[in-house]
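One structure is given below, encoded as structure tokens.
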Amino acid sequence: QVQLVESGGGLVQVGGSLRLSCAASGRTDSMNVMSWFRQAPGKERAFVASITWRGGNKYYADSVKGRFTISRDNAKNTVYLQMNSLKPEDTAVYYCGADPAWHLPPTKNDVPYWGQGTQVTVSS
């Protein structure tokens, strides 16, 4: 079992920045891929970015490439999502997910462990 706790969401203006954090605990040594997904009202949960725990290989959705950066701190068992140049369409609940398999990038059905989510609202 893995427990995930997200933090760092909030309200920001268009063009602003936020950094999300995902603190992992439990059997983190069994996880291979850590991901961020987001879910806007009335929409499906969608892939944002992934990173492999050991190699640090990164994957991004086209909609966030060049604006978002995923990173990890293995010593702290924490994954980050730096979000720059935010747009109103980035407004969503952001979820951290952990996958013991090697789905790169994963779909939401590939991810067995989720955090509770953190709200990001971008105002225009």
Side-chain angles (χ1 to χ4, degrees):
Q1 285 279 15
V2 173
Q3 294 77 43
L4 304 170
V5 178
E6 303 99 332
S7 61
L11 175 64
V12 64
Q13 291 189 330
V14 169
S17 298
L18 281 175
R19 189 177 82 153
L20 305 183
S21 298
C22 172
S25 60
R27 292 292 310 275
T28 57
D29 59 328
S30 64
M31 296 299 110
N32 287 310
V33 179
M34 300 295 293
S35 301
W36 288 97
F37 281 69
R38 64 187 180 187
Q39 188 165 14
K43 294 191 175 181
E44 294 278 323
R45 191 170 296 191
F47 170 75
V48 175
S50 285
I51 188 167
T52 56
W53 257 130
R54 294 166 186 81
N57 297 313
K58 304 175 183 181
Y59 304 82
Y60 296 97
D62 288 343
S63 59
V64 306
K65 280 180 183 175
R67 300 189 299 123
F68 291 11
T69 302
I70 190 170
S71 62
R72 88 259 191 252
D73 184 331
N74 293 54
K76 295 182 178 180
N77 282 340
T78 301
V79 176
Y80 304 97
L81 186 68
Q82 178 66 43
M83 305 186 295
N84 299 330
S85 302
L86 283 162
K87 306 175 181 180
E89 51 264 43
D90 295 317
T91 294
V93 177
Y94 283 71
Y95 294 92
C96 177
D99 183 7
W102 289 98
H103 301 102
L104 292 167
T107 68
K108 61 181 175 65
N109 295 326
D110 294 327
V111 178
Y113 302 106
W114 295 100
Q116 82 288 350
T118 186
Q119 176 71 48
V120 171
T121 302
V122 184
S123 65
S124 56

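A salt bridge links Lys65 with Asp62; the closest basic N to acidic carboxylate O contact falls under 4.0 Å. Using a cutoff of 4.0 Å between basic side-chain nitrogens and carboxylate oxygens, Asp110 and Lys108 are not scored as salt-bridged.
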Carefully, step by step, assess Ser63 and Arg38 under the rule side chain to side chain contact (heavy atoms under 4.5 Å, CB included). CA-CA 12 Å; Ser63 59; Arg38 64 187 180 187; 3.5 Å; yes
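Between Trp102 and Val33, the closest side-chain pair of non-hydrogen atoms falls below 4.5 Å. With a 4.5 Å cut-off on side-chain heavy atoms, Ser17 and Val12 do not count as touching. In this structure, the side chains of Ser35 and Pro105 stay at 4.5 Å or more apart for every pair of heavy atoms. In this structure, the side chains of Phe68 and Trp36 stay at 4.5 Å or more apart for every pair of heavy atoms. In this structure the side chain of Pro112 reaches within 4.5 angstrom of the side chain of Asp99, judged on heavy atoms. In this structure, the side chains of Arg54 and Asn32 come closer than 4.5 Å at one or more pairs of heavy atoms. With contacts defined as side-chain heavy-atom distances shorter than 4.5 Å, the pair Val64/Met83 does not qualify. For the pair Asp29/Trp53, no side-chain contact is recorded, criterion being any heavy-atom separation below 4.5 Å from C-beta on.
Across every non-hydrogen atom of Ile70 and Tyr60, the tightest pair is N-OH, 2.9 Å. Shown here for Ala24 and Leu4, the closest heavy-atom pair between the two residues is CB-CD2, 3.6 Å. In this structure, Glu6 and Cys96 approach most closely via the heavy-atom pair OE2-N, 2.7 Å. Heavy-atom minimum distance, Ala98 versus Val2: CB-CG1, 4.3 Å. Residues Ala92 and Tyr94 share a closest heavy-atom pair of O-CD1, 3.4 Å. For the pair Ala49 and Leu81, the tightest heavy-atom approach, listed with the atom from each and the gap, is CB-CD1, 4.2 Å.
Looking only at distances, no side-chain donor or acceptor of Gln82 sits under 3.5 Å from a matching main-chain atom of Thr69. Thr52 contributes a side-chain N or O that, together with a main-chain N or O of Asn57, makes up a donor-acceptor pair within less than 3.5 Å. Using a distance-only test at 3.5 Å, with no hydrogens or angles considered, a donor-acceptor pair links the side chain of Thr91 to the main chain of Val122.
The number of heavy-atom neighbours closer than 6.0 Å to CD of Gln116, taken from other residues, nucleotides and ligands shown, is above 12. For Glu89, the CD atom counts as densely surrounded, since its 6.0 Å shell holds more than 12 non-hydrogen atoms of other residues, nucleotides or ligands.
In the hydrophobic clustering of this structure, Leu104 groups with Tyr95; members are Ile, Leu, Val, Met, Phe, Trp, Tyr whose side-chain heavy atoms approach within less than 4.5 Å, directly or through other members. Val79 and Tyr113 fall within a single hydrophobic cluster, where Ile, Leu, Val, Met, Phe, Trp and Tyr side chains are chained together by heavy-atom contacts under 4.5 Å. With hydrophobic clusters built from ILVMFWY side chains whose heavy atoms lie under 4.5 angstrom apart, Tyr59 does not share a cluster with Leu20. Residues Val120 and Val14 fall within the same hydrophobic cluster, defined by Ile, Leu, Val, Met, Phe, Trp and Tyr side chains chained together at heavy-atom separations under 4.5 Å.
Going from atom CZ of Arg45 over to atom OG1 of Thr107 covers 12.0 Å, rounded to the nearest 0.5 Å. With rounding to the nearest 0.5 Å, the separation of OG in Ser123 from CG in Leu86 is 10.5 Å. Remark: Ser71 OG to Met34 CE distance equals 12.0 Å, nearest 0.5 Å.
For Trp114, the ring pair (Phe, Tyr, Trp, His ring centres under 6.0 Å) partners two or more places apart in sequence, or in a different chain, are Phe37.
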